[in-house]
Amino acid sequence: MEKAQAYIRVQELRNMINEANRRYYVENSPTLSDYEFDMLLKELEALEDEHPELKTGDSPTQRVGSDLKTRIPKAGGKEFDQYPHKYPMLSLGNTYDMTELQAFAERAAKSIGNAFTYSCELKFDGTAICLTYKDGRLFRALTRGDGSVGDDVTGNVKHISNIPQELKVPKGFVPSLLQPQPWPEEFEIRGEIYMPWPAFERLNEERVKDEEAPFANPRNAASGSLKLIDSSMVANRGLECTLYHLLGEDLPFQTHDQALKAAESWGLPVSDKRKICKSIEEIEDFINYWDTERKTLLFATDGIVVKINELPYQEELGYTAKFPRWAVAYKFKAEQALTRLVSIDYQVGRTGAVTPVANLEPVQLSGTVVKRASLHNADQMQQLDIHIGDFVYVEKGGEIIPKITGVELSRRETDVTLPHFPEFCPDCGTRLVRDEEEAKAFCPNQTGCPTQIKGRLVHFLSRKAMNVIAGDATIDQLYNKALVWNPADFYELEKEHLLMLEGWKERSAERFLKSLNDSRKVPFERVLYALGIRYVGETTAKALARHFGNIDRIAEAGISDLLAADDIGEVIAESIYAFFRDEANIETIDRLKKAGLKFEVADAPKKLSSSLEGKTVVISGNFSVSRDDIKALISAHGGKNSGSVSGKTSYLLAGEKPGPEKIKKAESLGVEIIDEQAFREMIEHI
């Protein structure tokens, strides 16, 4: 390729890879498969090798992907403190080809020149973690970050049950003056935090029920869970950890395997699914064994990691800018199954979204029998050119409902039929509307579509919302008798109403009413979640409650005010704004207030003054305290915090290194710019 063409292609590849890295590490929403990503990276490496003058230090071939959103410390408003890694935290080179694995072994043998062994281990499909232990206690947990700096997630890691906060003394250890404790005074151990299949499927079932986007795979779910702001929520996500690399000064081990056995004796979670191999033939046998057996595991694994076992030889081989030369990952290909599409159902959710679900001839896939698969929307059906009766390829790449990835056209028969996405709601018959941004069809009849109404009622009473003892059958009975159409109707039920229902006795009626009464104690964030606002899941509800303090402030908030809250993007903000502009929703909230439900956080900060009453303040830059503290001060003195400068902005509060775009916009609109000292004088002057 000519240099000019190579330059253009290199820039294209770098942009594509950087965006894919951002979506994978930061957004936990990958747009490319691992294989597609690796092929782009290999193409870039080849072009840079062909034209060395195009290789630069910021190329994706020279640095690892980063999970850091920014390098600004917490005082600047970030979620986590950041610390440097004592030893760089690199990635692994990947291969899908056994001949490349053989080439790795030959290079190692040529460089080392002596006999050596390999440690072969399962490659866990999770998110990387680095744990530091001092004097036998967990000191710090860092994410990979950009390889040099990581986010401090120690508080969250302490909620992962199989990571010990204190090491155990191995049986038979006798302390001495030379060795008072069995472990080094300080060491690092690295590994993977992952989400087992049962926990992943449970989490996605909840997200699908709430009509939130399910996580694409356990790796994304684990990464997103590890970065939750509320560390107490991490304990409910079912995360686990496997550790595989010990680091420290003057460690007393000659092999990688010895180090892992020692770590295991200290109570650290080390995988037992590893093997010491002496030849490439033994490595191939290990890979072939696990390519089949991985389907029986309770966690996702996407390959085998092959490492030189002897630590002196690891040190001798060293590192590239991005990878260790003494290790490589062999990646498995995604598992597929071929089966016949029998029919397509169109399901209506509680927010009105209509989703096509394929009914399949039963087929074995990843250890389970698959009978149904997601088709997502009409666009995907059209893109696949799918027909009823087709033979289709199905993957269970972490989906709670497996997905159809292609059609085997060579097996298409003459009697297949083209499916037509319905124009009208399958439940109430209302003409569907299409959300172009999401490529989804919706039933707009929110107040008259039985499936939507009952779905919202079930959600309202669910365990993570109001936690009332009731199931789908109870909702069906109450709805069919016209006793409950609206969540507020529950709190007007009498025992006599319940005794009218088939199968209800005095005791069951009393239990249900007591459960309803107990729900009046449910905290505000769960009541907010129970309202069923589209896109507002548990985490978002907590963020809203923490930011605004009560329901009235949320109801009054504009789009820019909502965007100022943590975890709120434009789509969510617009959904919340629209919800509180619907008179029927406001009426429901008023009735629920009269029923005694909590619509204010229990520890809401008291109003200190009216210094900022009617004022909207936008903040930018770093301050002497955290940005959350600044926001709390604005609220406590009667003001509103907004995320963007507009004509309605009263002040731009600028700390150190404020955003230049905000400064420029404030100046163009004539918005007064104040510093932290002026702000404090303003609120302290009552």
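FYI, side chains are in, hydrogens and waters are out, and symmetry mates aren't considered; it's all heavy atoms of this structure. Just so it is clear, the model here is predicted, and its values are computed rather than measured.
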**Q** Please determine if Arg137 and Glu166 form a salt bridge, counting it only when a charged side-chain N lies under 4.0 Å from a carboxylate O.
**A**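 So Arg137 pairs with Glu166 through a salt bridge.
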**Q** Mind checking whether Glu185 and Asp135 have side chains closer than 4.5 Å, heavy atoms only?
**A**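 When only atoms from C-beta onward are counted, Asp135 and Glu185 do touch, with a gap below 4.5 Å.
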**Q** Once you round to the nearest 0.5 Å, how far does CD of Glu106 lie from CD1 of Ile280?
**A**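 These two atoms lie 8.5 Å from each other.
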**Q** Side chain to side chain contact (heavy atoms under 4.5 Å, CB included) between Ser271 and Phe124: does it pass, once the steps are laid out?
**A** CA-CA 10 Å; Ser271 174; Phe124 287 71; 4.0 Å; yes
**Q** Do the side chain of Asp146 and the main chain of Ser148 share a donor and acceptor less than 3.5 angstrom apart?
**A**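 Yes: the side chain of Asp146 pairs with the backbone of Ser148.
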**Q** Any side-chain heavy-atom pair from Leu297 and Trp290 closer than 4.5 angstrom?
**A**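 Touching, per the 4.5 Å side-chain cut-off.
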**Q** Looking at CG of Leu90 and CZ of Arg144, how far apart are the two atoms once the value is rounded to the nearest 0.5 Å?
**A**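 It comes to 8.0 Å.
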**Q** Of all the heavy-atom pairs spanning Leu138 and Val157, show the shortest one and how long it is.
**A**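 For Leu138 and Val157, the tightest heavy-atom pair comes out as CD2-CG1, 4.2 Å.
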**Q** If you compare all heavy atoms of Trp326 against all heavy atoms of Gln314, which two are closest, and at what distance to 0.1 Å?
**A**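 That would be CD1-O, 3.2 Å.
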**Q** So does Glu656 have more than 12 non-hydrogen atoms from other groups sitting under 6.0 Å from CD?
**A**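 No - once you tally the heavy atoms of other residues, nucleotides and ligands closer than 6.0 Å, there are 12 at most.
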**Q** Could you tell me whether the side chain of Ser119 reaches within less than 4.5 Å of the side chain of Ile276, counting heavy atoms only?
**A**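 Yes; the side chains approach each other to less than 4.5 Å.
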**Q** With a 4.5 Å limit on heavy-atom distance, are the side chains of Leu360 and Ile404 in contact?
**A**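 With C-beta onward as the side chain, the pair touches.
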**Q** Without swapping roles, check the side chain of Asp302 against the backbone of Lys331 for a donor-acceptor pair under 3.5 Å.
**A**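 Side chain of Asp302 to backbone of Lys331: no pair is present.
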**Q** Please answer whether the main-chain N or O of Lys403 pairs with a side-chain N or O of Ser374 as donor and acceptor at a distance below 3.5 Å.
**A**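 No: the side chain of Ser374 does not pair with the backbone of Lys403.
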**Q** Applying the salt bridge (charged side-chain N to carboxylate O under 4.0 Å, His left out) test to Glu361, which of Arg372, Lys371, Arg340 qualifies?
**A**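 Of the listed residues Arg372, Lys371, Arg340, the salt bridge (charged side-chain N to carboxylate O under 4.0 Å, His left out) partner of Glu361 is Arg340.
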**Q** Just wondering, are more than 12 heavy atoms of other shown residues or ligands nearer than 6.0 Å to CD in Glu53?
**A**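 Atom CD in Glu53 is packed in, count exceeds 12.
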**Q** Which atom pair, heavy atoms only, marks the closest approach of Met195 to Ala222?
**A**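 Answer, listing the atom of Met195 first, then Ala222: N-CB, 4.0 Å.
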**Q** Where the side chain of Asn288 meets the backbone of Glu284, is there a donor-acceptor pair that is under 3.5 Å apart?
**A**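 Looks like yes, one N/O pair under 3.5 Å.
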**Q** Any side-chain donor-acceptor pair under 3.5 Å between Asp97 and Thr99?
**A**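 Thr99 and Asp97 do have a side-chain donor-acceptor pair below 3.5 Å.
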**Q** Can a cation-pi geometry be assigned to Lys134 and Phe139, taking NZ or CZ under 6.0 Å from the six-membered ring centre and within 45° of the ring axis?
**A**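 Yes, Lys134 sits over the ring of Phe139.
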**Q** I'd like to know if Asp125 pairs up with Arg219 as an ion pair, taking the criterion as any Lys NZ or Arg NE/NH1/NH2 lying under 4.0 Å from an Asp or Glu carboxylate oxygen.
**A**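 No.
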**Q** Quick one: do Val234 and Val153 satisfy side chain to side chain contact (heavy atoms under 4.5 Å, CB included)? Show the steps, please.
**A** CA-CA 11 Å; Val234 178; Val153 290; over 6 Å; no
**Q** For the CG atom of Leu260 and the NE2 atom of His245, what is their distance to the nearest 0.5 Å?
**A**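 Spacing of CG (Leu260) from NE2 (His245) equals 9.5 Å.
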**Q** Out of curiosity, Thr255 OG1 to Ile308 CD1, how far, rounded to the nearest 0.5 Å?
**A**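 Spacing of OG1 (Thr255) from CD1 (Ile308) equals 12.5 Å.
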**Q** Are the side chains of Asp385 and Val407 in touch, meaning some heavy atoms are under 4.5 Å apart?
**A**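 Result no, sub-4.5 Å side-chain heavy-atom pair not found.
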**Q** Please find the pair of heavy atoms, one from His159 and one from Gly155, that lie closest to each other, and give the distance.
**A**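 Scanning both residues completely, I find the closest heavy atoms to be CD2-O, 3.1 Å.
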**Q** Just say parallel, tilted or perpendicular for the rings of Trp266 and Phe187, cut-offs at 30° and 60°.
**A**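 The rings of Trp266 and Phe187 sit tilted, inter-plane angle from 30° to 60°.
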**Q** For Glu315, I'd like to know if atom CD has over 12 heavy atoms of other residues, nucleotides or ligands within 6.0 Å.
**A**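 No.
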**Q** Apply the test side chain to side chain contact (heavy atoms under 4.5 Å, CB included) to residues Tyr330 and Met98: give CA-CA distance (whole Å), side-chain angles for both, the deciding distance (0.1 Å), then the verdict.
**A** CA-CA 8 Å; Tyr330 179 87; Met98 200 66 75; 4.2 Å; yes
**Q** Given 3.5 Å as the limit, does a donor-acceptor pair link the side chain of Asn156 with the main chain of Leu228, or not?
**A**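 Checking the backbone N and O of Leu228 against the side chain of Asn156, a donor-acceptor pair under 3.5 Å is found.
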**Q** For Leu41 and Asn94: C-alpha separation, side-chain torsions, deciding distance, then whether side chain to side chain contact (heavy atoms under 4.5 Å, CB included) applies.
**A** CA-CA 10 Å; Leu41 199 59; Asn94 291 332; over 6 Å; no
**Q** Roughly how far, to the nearest 0.5 Å, is the NE2 atom of His256 from the OH atom of Tyr244?
**A**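 It is 10.0 Å, given to the nearest 0.5 Å.
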**Q** Using the salt bridge (charged side-chain N to carboxylate O under 4.0 Å, His left out) rule, pick out the option among Arg274, Lys275, Lys307 that qualifies with Glu121.
**A**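 Option passing the salt bridge (charged side-chain N to carboxylate O under 4.0 Å, His left out) with Glu121: Lys307.
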**Q** Should we say atom CD of Gln254 is surrounded by more than 12 heavy atoms from elsewhere, each under 6.0 Å from it?
**A**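 Counting other residues, nucleotides and ligands, CD of Gln254 stays at 12 neighbours or fewer.
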**Q** May I ask you to test the Phe173-Gln179 pair for a side-chain heavy-atom distance under 4.5 Å?
**A**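 Touching, per the 4.5 Å side-chain cut-off.
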**Q** Which heavy-atom pair separates Val394 from Thr339 by the least distance, and what is that distance?
**A**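 Looks like CG2-CG2, 4.1 Å.
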**Q** Quick check: do Leu338 and Tyr393 have side-chain heavy atoms less than 4.5 Å from each other?
**A**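 Of all side-chain heavy-atom pairs linking Tyr393 with Leu338, at least one is under 4.5 Å.
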**Q** To the nearest 0.5 angstrom, please state how far the OG1 atom of Thr132 sits from the CD atom of Glu188.
**A**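 Reported value, rounded in 0.5 Å steps: 4.0 Å.
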**Q** Any idea which heavy atoms bring Leu92 and Ala329 closest together, and the distance?
**A**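 Here Leu92 and Ala329 meet closest at CD1-CB, 4.3 Å.
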**Q** Assess whether atom CD of Glu293 is packed by more than 12 heavy atoms of other residues, nucleotides or ligands within 6.0 Å.
**A**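 Atom CD in Glu293 is crowded, with more than 12 foreign heavy atoms closer than 6.0 Å.
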**Q** Is any NZ, NE, NH1 or NH2 atom of the basic residue among Glu43 and Arg9 found under 4.0 Å from an Asp or Glu carboxylate oxygen of the other?
**A**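 Yes, Glu43 and Arg9 are salt-bridged.
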**Q** Evaluate the side-chain proximity of Thr320 to Arg325: yes if any heavy-atom separation is below 4.5 Å, no if none is.
**A**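 A side-chain contact exists here, since the closest heavy-atom pair is under 4.5 Å.
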